[in-house]
Every structure is written in structure tokens, then in C-alpha cells.
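Residues: numbered from 1 along the sequence shown. Any value given below was found using the heavy atoms of this structure, including those in side chains, with hydrogens, waters and symmetry copies removed.
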Amino acid sequence: MTTTRRAVVRATVLIAVLTSVSQVLGFARDAVMAAVFGTSSSVDAFLVAQGLMNLVLGLISGAMSRAIIPTVSRAADASDSRGAQRTVRVAMTVTTLVLLAGSVIMFLAARPLLTVLASGFDPAAMDEGVRLTRIVLLATLFIAATNLLAGAAQAHGRFFWAALQGIPFNIVMIAAAGFFGARFGGAALAVGFVAGSAVRLAFQLPAVRGIGLSLRPSLRIRDPGFREMLVLMPPLVVGNALLNFNTIVDRAVGSTQGAGTIAALSYGWRVVTLVQVVIVTAFTTTLFPAFSTLGTPERREQLGRATDRVLGVVIVLVSPVVILLAVAAKPVVVLLFARGNFDARAVSLTSVAVATYSVSLVALAVREVVARTCLAIGDGRTPVWTGFCAMAVNVVGDLALGLRFGVTGLAFATSASMLLAATVLSVLTARRHRAVGLRVLGRTTRDVLAASAVSTAACWLVVREIPVSNAVHALLALGTTSSVCLASYLGVLYLVRTPALADIRDSLSHLQTKAPSR
């Protein structure tokens with residue numbers, strides 16, 4: 001067990017490092033886009049085009065790529081490599097056929113859909129949105145294949161190439177925006193997106209060779225592994241549909257609030273989810289195959305203990321970032337984006353989005369971990385049910401607050417929906433499966449809230465004394481505020497003896513210990 005845990009910790013760190021590099025490049029990509037386009041209607045049109053593409057991609061590919069991991073993990077754990085590969089081939093073939101048909105339909109229906117979902121666009125923005133939608137649809141099959149192959153490799157314990165894929169994608173996008181954006185406008189972003197997606201797929205081929213996976217098509221839909229995936233598919237499809245629907249509603253309402261609203265929300269969300277991608281996704285990516293092997297009834301107690309430890313660690317790690325983003329949103333935005341055409345209005349809108357979105361970060365972390373626990377057990381319905389609740393809150397909030405308060409209302413509606421989803425999902429998982437310890441989670445939450453209150457007050461006193469007018473001032477403000485934040489936050493956690501600190505120290509010790517020879 002210790003050896004397995006050590007392997008998981010090391011894989012998590014590997015993914016975190018590679019993902020961090022990818023995220024740095026992702027911010028460079030967004031900074032280049034911001035400098036070239038600002039918060040213009042071209043960026044709004046590109047983001048709406050991506051959202052429409054996800055109507056096809058998210059419903060099928062996202063569900064397939066998550067359903068494949070428990071099935072293939074169990075087959076690999078049982079040394080049934082032939083069965084695992086057969087399942088992957090069938091999943092790839094069926095997904096390709098479904099997405100191809102869906103992409104053709106979406107290509108033909110792009111304008112009617114945009115007329116409904118981006119009703120606030122003027123005629124020029126509408127024409128550009130239709131054109132960009134039809135371009136980015138070309139990336140659908142590339143992304144679907146990438147997700148499925150990465151999932152298959154992760155189920156076999158191979159994480160490197162999947163974690164690396166964001167790096168070449170972001171490099172291609174930076175080149176497209178920087179070299180061609182000024183000349184070709186939003187089309188440069190759309191073509192760059194397609195080209196970058198193709199490169200991401202190419203980077204999965206070494207992992208495919210490493211696990212000996214054949215990419216020959218197969219329509220043996222009676223394959224037991226594929227049929228097991230189909231059992232998980234309906235709730236996953238509905239869950240992805242809910243997430244996509246929330247994004248579409250956000251952008252539909254945002255399109256009525258003036259040019260740049262959708263772009264500001266996207267930049268703000270990008271900043272807030274950095275930590276989720278680097279820390280939370282790194283944990284869940286490496287743990288999901290391990291969780292899947294603990295999903296059987298006789299090992300449920302082990303799964304519950306593992307979930308409690310991971311929840312404690314991620315809550316402790318992401319909470320200081322919530323504080324920093326909420327209190328020092330403007331310095332963050334100025335440092336990352338304030339150059340070129342990203343003017344004072346863009347800084348103001350994006351800063352509001354960052355500060356308001358920040359409170360959802362812990363909720364995102366909790367929901368991601370608990371949802372993976374449910375899927376490991378074979379329960380896809382509970383995450384979907386909580387998704388319905390979150391969707392209702394988000395839609396009502398968008399219509400009640402977004403139309404009145406613009407960026408603030410839209411971001412607040414999203415944050416409120418995330419908090420509700422995380423809370424309800426944790427309670428239901430604890431009651432139905434006893435896979436989450438509510439007392440343990442409650443103690444961690446209590447300790448973190450106490451530390452966060454002290455740290456927030458200290459950071460606010462510091463940041464209000466530092467004017468931010470350029471990147472140098474922003475860097476000074478962030479450096480000072482971060483130091484105060486971490487010192488006060490960790491000091492309180494140490495005084496109250498939060499158990500998660502011991503888990504973090506234990507994980508760090510595993511990195512320094514050599515694995516035993518085999």
C-alpha cells in the first residue's frame with residue numbers, strides 16, 4: 001500500500017509540474033490574445049463558437065473519456081490487457097461515428113443556433129461567430145480521440161503524455177494569435193485551435209505504443225467492457241450537458257451586456273481555475289484509476305479514507321489562493337493581461353470576474369474529488385442530480401442578477417451554483433455510500449475558515465496600501481500580499497493542528513524516499 005501511495009504521489013507531482021508549465025503557457029496565450037484583441041467582439045465570437053462545438057464534443061466525448069477509466073483500470077488490474085484494448089477500440093470507433101454525424105448537423109445549423117444563443121450579437125459579430133463555429137468543429141474528432149487515448153493510458157498508469165499535451169497546444173495558439181491575429185482576426189484563433197488540437201492528438205501516440213494499443217476500428221458493441229461503459233454513460237452525458245448548458249446560458253446573457261463581457265468572464269474564469277487544473281486535476285487524474293480499484297463493496301472503507309485525505313489536502317492547498325484572488329484580483333489581472341489593447345475597462349471587468357469567481361474554487365475542488373469517488377463506486381446519478389440543482393441556481397442567477405449586474409451577477413451565479421453542488425454532492429455521497437466522512441470534512445472546513453478569516457483581514461490591510469498602475473507595482477503587491485497570506489494562513493492551521501497538514505508532510509516525505517527495487 002505504501003508503495004502504491006508513493007507511486008501516486010510521484011505521479012501527482014509529475015502531472016502538477018507538467019500542468020504548471022502548460023498553465024504558464026496558457027496564460028501566455030491569453031496574454032497574447034488580450035494584447036492583440038483586448039476584450040473585443042472577436043474574442044466573444046470565438047468563445048461562443050467553442051461553446052457550440054462543446055454541444056457536440058462535451059455530450060459524447062467527455063462522457064466516454066471518463067467512463068473508460070474505471071472499466072479499463074479494472075481490466076488492467078486483472079491483467080486482462082486484451083479486453084482493455086478491445087474496449088478502447090470499440091469506444092474510439094463509436095465515438096468517432098457519433099461525433100462525425102453531430103458535427104455535420106452543427107455545421108449546417110450554426111446560424112440558427114447562434115441566433116438563439118448569442119442574441120445580443122450585432123450582425124458583424126453574428127457572421128463572425130458562424131464562421132468561427134464551422135472552423136472549430138474540425139477539432140471535434142481530434143479532441144475526442146485525444147481524451148479517449150489519454151484516458152486509456154492513465155488507466156494503465158501512464159500519465160506523462162496526457163499531462164504534456166497542453167504545452168504544444170498552447171504554443172500553437174500563441175503563434176496563431178501573435179503572428180496572425182492582427183491580420184486575420186478571430187479566424188486566426190479558430191484555425192490555431194484546430195491545429196493545436198491535432199498536435200495534442202499526435203502527442204498521445206507514444207503512450208498508445210507504450211501500452212501496445214491498436215487503433216484498428218471495431219464495432220463489437222457487445223464487448224463486456226464497452227457495455228459496462230454504456231451503463232455509466234447516461235449520467236455522464238447528462239452531467240456534461242448541464243455544464244455546457246450553464247456555459248451557454250452565461251454567454252447568451254453576457255452577449256446582451258456589451259462587447260467584452262464574455263471575454264472578461266472567460267479571462268477571469270481562466271485565472272481562477274488555474275489552481276484547480278494544477279492541483280486538483282493532478283490529484284484526481286492519478287487517483288481515479290486507484291479509486292476505481294477501491295470501488296468494490298469490500299474495499300469501500302479504504303475508498304472512504306482515501307477520499308477524506310484527498311479532500312483535506314486539496315481544501316488546505318487551494319484556500320489561500322481563494323483569499324489572494326479575492327483580495328488582490330486587480331494586481332493579478334494587471335500583471336497577467338494589462339498590455340496592448342487590454343485597456344482600463346478590460347482590467348476592471350476582468351478583476352471583478354476574478355474576485356467573484358474566486359469563492360467557487362474550493363467548491364470546484366471538492367466536487368471534482370467526490371464526483372470521482374462516486375464514479376469509482378459506479379454511481380453516476382448522484383453527481384448528475386446535484387448538477388441539475390446547480391444548473392437551476394445558475395440559470396436563475398443569470399436571469400435575475402446577470403441581466404442587472406452584468407459581469408458581477410453572472411460570476412456570482414456561477415459561484416453560488418458551484419457551492420451548492422459541492423455541498424449537496426458531499427452530503428449525498430456520505431449518506432448513500434459512506435465514502436465521505438462529514439465529520440472529517442467539517443473539521444477541515446472549520447479550521448480552514450478560521451485561518452482564511454485571519455488571512456483575508458491581514459491581506460486586505462496590506463493590499464489597500466499599495467497602488468497598482470503597472471506590472472511592477474502589481475508584482476510588488478502580489479509578492480507582499482502572498483507572503484502575508486501564507487504566513488497568517490499556515491500559522492492559524494498550525495495552531496489548530498489541522499490533520500491535513502500531516503497528510504501533506506507525509507506526501508512530501510514519499511517524494512524523498514526511493515521506491516524499493518523490484
Roughly how far, to the nearest 0.5 Å, is [atom2] of [Y] from [atom1] of [X]?
X	Y	atom1	atom2	answer
L335	L475	CG	CG	6.0 Å
M53	L138	CE	CG	10.5 Å
L478	S483	CG	OG	10.5 Å
S255	L47	OG	CG	12.5 Å
L189	Q50	CG	CD	9.0 Å
T256	L403	OG1	CG	5.5 Å

Contact list for residues 113-134, test salt bridge (Lys or Arg N to Asp or Glu O under 4.0 Å), sequence neighbours left out: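 Only R111-D127 qualify under salt bridge (Lys or Arg N to Asp or Glu O under 4.0 Å).
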
Has [X] got a side-chain atom pairing as donor or acceptor with [Y]'s backbone, closer than 3.5 angstrom?
X	Y	result
S455	A451	no
S415	T356	yes
S482	G479	no
T480	A477	no

Which residues share a side-chain contact (heavy atoms from CB on, under 4.5 Å) with V36, sequence neighbours left out: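 Applying side-chain contact (heavy atoms from CB on, under 4.5 Å) to V36 gives V32.
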
All side-chain contact (heavy atoms from CB on, under 4.5 Å) counterparts of L113, not counting sequence neighbours: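 In terms of side-chain contact (heavy atoms from CB on, under 4.5 Å), with neighbours along the sequence ignored, L113 is linked to L52, M106, A109.
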
Enclosure of R183 CZ (heavy-atom neighbours >12, cutoff 6.0 Å):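 12 or below, so no.
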
Side chains of S41 and D44, donor plus acceptor under 3.5 Å: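 No, no side-chain donor-acceptor pair sits under 3.5 Å.
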
Contact check, side chains of [X] and [Y], non-hydrogen atoms, under 4.5 Å:
X	Y	answer
L401	L410	no
L476	V472	no
L336	V271	yes
Q257	L265	no
I262	V43	no
S360	F412	no
T146	Q165	yes
R446	L449	no

Side chain to side chain contact (heavy atoms under 4.5 Å, CB included) between V172 and F193, intermediate numbers included: CA-CA 8 Å; V172 172; F193 183 82; over 6 Å; no

Sequence neighbours excluded - side-chain hydrogen bond (donor to acceptor under 3.5 Å, both in side chains) pairs with any residue from residues 395-408: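 Residue pairs passing side-chain hydrogen bond (donor to acceptor under 3.5 Å, both in side chains), neighbours aside: N394-D398.
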
Which heavy atom of [X] sits nearest to which heavy atom of [Y], and what is that distance?
X	Y	value
S197	F142	O-CB, 3.8 Å
G402	V253	C-CG1, 4.0 Å
C485	P320	SG-O, 3.6 Å
V136	V194	CA-CG2, 4.0 Å
T382	L425	CG2-CD1, 3.6 Å
G186	F37	N-CE2, 4.0 Å

Plane angle bin for F342 and Y267 - parallel if under 30°, tilted between 30 and 60°, otherwise perpendicular: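 Aromatic pair Y267/F342 classed perpendicular.
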
Sole residue of L428, T307, T429, V384 in side chain to side chain contact (heavy atoms under 4.5 Å, CB included) with C374: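 Passing option: T429.
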
Residue among L325, V322, V321 satisfying side chain to side chain contact (heavy atoms under 4.5 Å, CB included) with V272: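 Of the listed residues L325, V322, V321, the side chain to side chain contact (heavy atoms under 4.5 Å, CB included) partner of V272 is L325.
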
Chi angles and distances behind the side chain to side chain contact (heavy atoms under 4.5 Å, CB included) call for V334, N470: CA-CA 7 Å; V334 169; N470 55 49; 5.7 Å; no

Qualifying residues under ring pair (Phe, Tyr, Trp, His ring centres under 6.0 Å), relative to Y489, sequence neighbours excluded: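 Checked Y489 against ring pair (Phe, Tyr, Trp, His ring centres under 6.0 Å); zero matches.
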
R270: partners by side chain to side chain donor-acceptor pair (under 3.5 Å), with sequence neighbours left out: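 Residues passing side chain to side chain donor-acceptor pair (under 3.5 Å) with R270: Q23, D30.
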
Steps toward side chain to side chain contact (heavy atoms under 4.5 Å, CB included) verdict (V347, F337): CA-CA 8 Å; V347 169; F337 301 121; over 6 Å; no

Derivation and outcome, side chain to side chain contact (heavy atoms under 4.5 Å, CB included), residues V362 and S319: CA-CA 7 Å; V362 173; S319 293; 3.7 Å; yes

